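Because the structure is predicted, anything quoted here is derived from the model rather than measured.
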Amino acid sequence: MEENNLQKMEESYCNSIIYCYVEEQKDELKKFISKYNDEDIIHIVSSVIESCEGKLLYCLCDIITNYIETSKEQETGFYFVTDIRGLYDIVKKLYSAIFEDIIYISQGNNKEFDEEFETDEFIDYFLNIQRSKLHSSFMRQLWELKNCQNKNSFMKFLYELKGIGIERENYLIKLWHCLCEILLYEAGYNEVNNKCFIYKLAVYSVLVALDKSVDYTNIYLSEILKSDEVNAENMYFVYHQFKRILFTRQAIMDKKSETLLNGLYERCYNYFIDKLEKYIIKIPSQERDKNTVMVMVVQFLDNTHAPTKTAIERIKVLRMMGKRVVLVNTAEICLMNGYLPIYMIEGASYFEKYDTFNEIEIDGELILFVQVQKRLSLLDKIQLVVDVVNKIKPYYILSIGNGSILADLCGNIVPCASMAVVFSSIPKTKNKMKILGRKLKEEEKELYIDDDIIESRFTFELKPQKEHYSRKDKGLPKNSFILVVVGTRLQFDVTDAFMSILSDVCSKGCYVVFAGIMDNYSSLMENYPVIAANSSFTGYCDDILALMEICDLYVNPDRSGGGFSIIEAFSKGKPGVYLRKGDVYTAGGEDFAVNSFDGMADQILKYKDNKDYYNRMAELAKERAKLMTSSKEAIADIDRQICQRIEEKYW
């Protein structure tokens with residue numbers, strides 16, 4: 001047995017249970033057992049093959065029964081030890097989720113189980129011993145979908161499965177993980193009939209959510225790329241869903257994940273370039289209207305939606321500059337035509353009323369408007385937008401959003417400059433002109449030497465304040481130092497690390513208001529009693545400036561977005577504390593940033609206890625808000641840089 005495994009177990013045995021499924025209790029096992037004198041820790045089953053009548057099935061059933069029975073009353077660490085090589089291999093494959101480690105010890109044993117076993121019988125047993133009838137029922141439904149080819153059946157099942165909350169309890173996560181591994185083991189024998197592809201995707205997608213390792217993310221994406229059963233629409237659907245899943249940190253990614261995602265996008269892009277070759281032809285600058293800008297967005301709702309507010313603000317300034325603006329909502333992130341099973345699927349809001357609009361009112365003016373209907377296939381969407389570009393002949397396209405294949409394709413007809421909504425990052429686009437809401441860092445300049453980066457200042461137009469609240473109106477303590485945490489994805493952004501620093505400062509007199517969307521607030525508070533006693537959740541706040549007015553300090557978790565919220569706080573003279581990364585850092589600037597969560601806790605308490613320091617920083621916050629809400633100059637500079645580049649570099 002490896003020394004590091006022994007050492008790890010020696011350190012944690014007092015809180016663990018160790019199952020030893022061995023043929024004989026020879027010196028190697030005795031040496032191992034001698035380190036632990038507690039009978040409650042070591043569970044030995046010897047002569048395993050004989051006691052299980054030579055059947056691997058019986059042994060696997062016994063292992064899972066022991067786990068479920070033993071873990072009824074306590075959450076503890078479980079280890080597995082065996083001297084049967086084949087048993088080690090199958091337990092490693094099927095039960096890795098329930099054991100902290102699975103260890104093989106060599107005792108000269110050459111006996112083996114018959115590795116063949118009836119999966120149907122095994123699954124029946126596994127389901128029948130579950131403590132939760134609800135989860136057992138859902139597990140059976142997933143098993144029975146194994147020969148299903150109807151994608152709608154998977155969509156319905158995965159949607160309902162998401163609703164029962166597997167992720168809320170570690171015990172359930174482990175059992176669902178085991179079930180998925182068993183189902184994939186079974187599916188491995190049936191690949192030749194090609195009936196398992198959709199099913200395997202569903203199972204892998206559950207593992208992506210539960211495992212929190214990058215392996216299943218990459219397996220899922222690899223399955224899509226290598227399959228002959230998917231088309232461009234399927235790949236684009238998966239691309240957008242995984243972009244969202246990774247952005248909200250519901251899954252983990254690495255360099256390989258990024259390469260795989262880029263591969264999906266590249267394949268889609270090249271497919272449509274070839275398909276629409278005769279329509280995608282450069283329009284010379286002399287044939288384009290120098291006064292017309294086409295603004296393309298992937299989603300357009302109303303001014304309660306931050307990306308929509310971003311688009312509206314830029315359109316208003318372009319109109320003030322005398323530009324003719326045409327707005328196109330491509331509605332790409334609403335696509336469901338290419339559906340493939342994904343457990344964490346999420347649709348995007350879409351206003352059907354806009355389908356009939358030819359114009360839309362922005363700041364009292366009507367501008368030309370096209371909303372591409374979500375029911376259309378991706379090919380039809382692209383064809384429609386390409387036709388609009390060829391008819392309007394704008395001087396350039398301003399694409400607001402990330403990963404818009406329609407904007408990228410149209411960028412081959414007229415020059416297109418792309419601006420990510422997460423403005424602190426460089427847009428993912430095939431177009432050369434990329435707008436960044438900050439200055440490039442020195443270390444980035446070499447990385448993006450082949451790109452045409454437009455450095456800019458991302459600005460905000462804040463929603464006017466309507467109300468004025470008192471703390472009593474909102475049920476907040478009158479004399480507490482109140483922190484405000486804002487976001488529409490707080491259930492993902494608020495991590496244990498962030499909660500730890502909030503728990504620390506709450507124990508020292510702070511109170512926290514969570515504002516936005518946070519479906520897990522109640523369950524999260526069960527683990528953090530100090531915060532539970534010193535916090536409240538207001539839900540989505542339509543008048544965020546009124547809320548900022550009665551709080552003392554804006555505090556930001558480790559996330560990518562959120563740029564609007566820090567400027568909303570600053571505009572009310574409320575300082576902020578945030579890490580040196582993401583949109584909040586880019587919008588708020590260096591003066592309020594810290595390097596770590598530990599530094600964040602120290603800084604929060606400094607604001608609380610040092611009134612002079614607080615007042616100085618409050619004035620700096622107001623000045624920063626004025627700078628970041630002065631849009632006309634910043635957007636005019638972007639337009640100037642785009643037009644200059646078109647004249648010098650493009651067509």
Side-chain angles (χ1 to χ4, degrees), residues 232-233 236 265-266 268-300 311 314-315 318-319 322-335 337 354-360 362 366-419 427 429-435 452 638-639 642-643 645-651:
E233 197 132 31
Y236 199 54
Y265 190 85
E266 193 78 22
C268 292
Y269 178 84
N270 290 335
Y271 171 80
F272 289 113
I273 280 283
D274 293 341
K275 193 81 173 173
L276 299 168
E277 184 179 7
K278 65 181 180 179
Y279 301 100
I280 298 178
I281 301 170
K282 287 182 172 63
I283 302 174
S285 60
Q286 62 269 24
E287 296 180 20
R288 304 197 307 272
D289 184 350
K290 286 198 171 185
N291 201 44
T292 297
V293 177
M294 179 176 285
V295 175
M296 292 179 66
V297 295
V298 295
Q299 187 180 30
F300 190 83
R314 277 133 191 80
I315 290 168
L318 288 168
R319 288 293 300 127
K323 300 281 186 180
R324 176 182 180 238
V325 178
V326 180
L327 173 61
V328 177
N329 176 22
T330 65
E332 286 168 81
I333 57 174
C334 300
L335 290 177
N337 294 343
Y354 291 158
D355 286 350
T356 59
F357 286 23
N358 296 318
E359 295 176 315
I360 197 161
I362 292 180
L366 291 174
I367 67 164
L368 287 175
F369 175 72
V370 176
Q371 175 160 283
V372 184
Q373 294 183 20
K374 66 177 182 180
R375 63 177 177 79
L376 295 178
S377 70
L378 184 55
L379 178 61
D380 288 340
K381 281 175 173 278
I382 294 168
Q383 181 68 74
L384 188 154
V385 174
V386 166
D387 288 346
V388 170
V389 173
N390 281 320
K391 181 179 179 181
I392 299 292
K393 295 182 174 60
Y395 192 55
Y396 69 84
I397 295 168
L398 176 61
S399 173
I400 301 175
N402 207 9
S404 169
I405 201 167
L406 277 79
D408 280 0
L409 290 165
C410 291
N412 293 284
I413 304 172
V414 302
C416 179
S418 296
M419 170 190 295
T429 177
K430 301 288 288 186
N431 293 311
K432 283 290 184 183
M433 283 189 286
K434 298 177 169 81
I435 302 170
D452 192 356
I638 291 173
D639 174 73
I642 293 170
C643 292
R645 281 166 164 78
I646 290 172
E647 292 172 8
E648 294 175 356
K649 302 181 181 182
Y650 302 106
W651 65 97

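The OG1 atom of Thr330 sits 11.0 Å away from atom CD1 of Ile405, with the distance rounded to the nearest 0.5 Å. Annotation: the span from Leu368 atom CG to Met294 atom CE amounts to 9.0 Å, rounded to 0.5 Å. Rounded to the nearest 0.5 Å, atoms CG (Asn431) and CG (Asn412) are 7.5 Å apart. One distance of note links CD1 of Ile392 with CD1 of Ile413; it measures 12.5 Å at 0.5 Å rounding. If you take OG on Ser418 and NZ on Lys430, they are separated by 12.0 Å, rounding to the nearest 0.5 Å. Remark: Ile435 CD1 to Thr429 OG1 distance equals 10.5 Å, nearest 0.5 Å.
With contacts defined as side-chain heavy-atom distances shorter than 4.5 Å, the pair Met296/Pro394 does not qualify. Looking at heavy atoms from C-beta onward, Tyr269 lies in side-chain contact with Leu409 at the 4.5 angstrom threshold. With contacts defined as side-chain heavy-atom distances shorter than 4.5 Å, the pair Leu379/Phe272 qualifies. Side-chain contact between Val295 and Arg314: absent, with no pair of heavy atoms (C-beta onward) separated by less than 4.5 Å.
Taking the six-membered ring where tryptophan is involved, the planes of Phe369 and Phe300 are tilted, since the angle between them lies from 30° to 60°. The aromatic rings of Tyr236 and Tyr265 sit tilted relative to each other, their planes meeting at an angle between 30° and 60°.
Between Asp452 and Arg645, the shortest heavy-atom contact is OD1-NE, 2.7 Å. The shortest heavy-atom contact between Ile646 and Trp651 is CG2-O, 3.7 Å. The two residues Ile367 and Val325 have their closest heavy-atom pair at CB-O, 3.8 Å. The two residues Glu233 and Leu378 come nearest to each other via the heavy atoms OE2-N, 2.6 Å. When all heavy atoms of Asn337 and Arg375 are compared, the closest pair comes out as ND2-O, 3.4 Å. What you find for Val385 and Cys410 is that their closest heavy atoms are CG1-SG, 3.6 Å.
Within a 6.0 Å radius of NZ in Lys323, other residues, nucleotides and ligands contribute more than 12 heavy atoms. Counting non-hydrogen atoms of neighbouring residues, nucleotides and ligands closer than 6.0 angstrom, the CD atom of Glu277 reaches no more than 12 such neighbours. Counting heavy atoms of neighbouring residues, nucleotides and ligands inside a 6.0 Å radius, atom CG of Asn358 does not exceed 12 of them.
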Criterion side chain to side chain contact (heavy atoms under 4.5 Å, CB included) on Val328 and Val389, from CA distance to verdict:
CA-CA 10 Å; Val328 177; Val389 173; over 6 Å; no
Does the pair Val293 and Tyr396 meet the rule for a side chain to side chain contact (heavy atoms under 4.5 Å, CB included), with working shown?
CA-CA 6 Å; Val293 177; Tyr396 69 84; 3.6 Å; yes
Give the C-alpha distance, both sets of side-chain angles, the deciding distance and a yes or no for side chain to side chain contact (heavy atoms under 4.5 Å, CB included) between Lys393 and Thr292.
CA-CA 8 Å; Lys393 295 182 174 60; Thr292 297; over 6 Å; no
Using side chain to side chain contact (heavy atoms under 4.5 Å, CB included), reason through Ile638 and Met419 one step at a time and then give a plain yes or no.
CA-CA 11 Å; Ile638 291 173; Met419 170 190 295; 4.1 Å; yes
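For the pair Asp355 (side chain) and Gln373 (backbone), a donor-acceptor distance under 3.5 Å is absent.
In the model, Asp387 has no side-chain atom that pairs as donor or acceptor with a side-chain atom of Tyr279 under 3.5 Å.
Taking the centre and axis of the six-membered ring of Tyr650, the NZ or CZ atom of Lys432 falls outside the cone set by 45° and 6.0 Å.
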